[in-house]
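The structure appears below as structure tokens.
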Amino acid sequence: MDIVSTAADLRAALAGQRAVLVPTMGNLHAGHLALVQQARVHAGATAAPVVASIFVNRLQFAPHEDFDTYPRTFERDCAMLREAGCDLAFAPPEPELYPEPQTCTVQPPPALADILEGRFRPGFFTGVCTVVLKLFNLVQPQAAVFGKKDYQQLRVIQAMVRQLALPIEVLAGETARDADGLALSSRNGYLTAEQRREAVALSRALRDLASAVAARRSDWATLEADAMQGLRLRGWQPDYVAVRRQRDLAPPAPGDALVVLAAARLGSTRLIDNLELAAAS
Ligand code: PAF
């Protein structure tokens with residue numbers, strides 16, 4: 001696996017080949033590696049190289065968030081990417097991606113980006129879309145893989161690609177989970193041993209909510225409020241628990257394919273998770 005840190009070296013390494021891209025912020029775990037393997041399979045059909053980017057994107061962090069302390073584990077990340085069959089790692093230093101203040105930004109569709117995560121992390125999706133568009137422009141991939149763990153991010157990027165007519169296929173990767181059901185996340189590393197044991201309650205709350213919805217309960221507001229209260233009683237501070245339509249995260253109508261989503265803080269660590277429900281028959 002080659003490692004490049006500048007746009008010029010990236011272009012030279014790709015030599016016009018249209019790669020399959022896996023954008024990451026590093027601090028990789030098995031969930032990222034599954035996305036790289038998915039990219040590998042997709043690339044296999046076209047003999048395209050697999051590129052993973054490693055870049056902690058300041059633009060998507062609010063001033064009070066964990067940009068400065070976000071774990072930077074570059075050597076370990078590269079070893080994991082190599083092992084997973086990645087061909088090229090693109091790890092630009094900040095001045096390479098942002099040589100001047102990034103005042104030109106992407107405004108994602110407000111109806112999709114200002115709800116749920118966007119409500120609690122204003123500007124987050126502008127930061128994500130801006131760096132992802134920039135990575136797309138630099139790598140010019142034929143396809144890019146995003147995990148369903150960040151479900152709203154996936155939908156926002158799909159909307160950006162569609163509305164800006166970017167010639168890129170967006171592939172969705174399933175959420176990787178630990179044996180007890182906790183969704184893998186770089187931020188799980190912030191949890192104490194006791195919090196780690198408790199953390200599974202978030203995916204359980206979503207499973208219970210999904211079961212109630214699948215059992216055709218449609219008093220969603222009550223179910224959401226009950227799930228939030230259940231988490232509060234266990235010591236969490238939930239931001240939201242929501243039943244939404246899969247395709248655009250709008251409040252659902254009967255017959256829509258649904259997803260349940262949650263974000264909650266355990267101590268100082270904010271975790272998100274979601275579960276898709278099979279469409280009702
Ligand atoms: O999901 C992430 O790790 C980040 O939001 C992304 C897509 C790499 C953009 O910085």
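All values below were derived from every heavy atom in this structure, side-chain atoms included, with hydrogens, water molecules and symmetry-related copies excluded. Just so you know, ligand 1 is whichever comes first in the structure, and atom 1 is the first atom listed for that ligand. Quantities reported herein were computed from a predicted structural model and do not represent experimental measurements.
- Heavy-atom contacts of V131 reach the following atoms of ligand 1: 9 (C), 10 (O) (cutoff under 4.0 Å).
- Distances between N or O atoms of Q60 and those of ligand 1 include at least one value under 3.5 Å.
- Atoms of ligand 1 found under 4.0 Å from any heavy atom of P23 (numbered from 1 in listed order, with element): 8 (C).
- From the protein, the heavy atom lying nearest to atom 3 (O) of ligand 1 is M25 CG, 3.7 Å.
- Judged by the 6.0 Å distance and 45° axis criteria, R72 is positioned over the aromatic ring of F67.
- Note on R196 versus D178: salt bridge recorded, some NZ/NE/NH1/NH2 to OD/OE distance being below 4.0 Å.
- At a threshold of 4.0 Å, the pair R121-E65 counts as salt-bridged, since one of the basic side-chain nitrogens sits closer than that to a carboxylate oxygen.
- Counting only N and O atoms by type, the side chains of E276 and Y151 include a donor and acceptor under 3.5 Å apart.
- Considering backbone and side-chain atoms together, Q153 places an N or O closer than 3.5 Å to an N or O of ligand 1.
- Salt bridge present: R177 and D273 bring a charged side-chain N and a carboxylate O closer than 4.0 Å.
- The T24 neighbourhood of ligand 1 comprises atoms 8 (C), with distances under 4.0 Å to a heavy atom of that residue.
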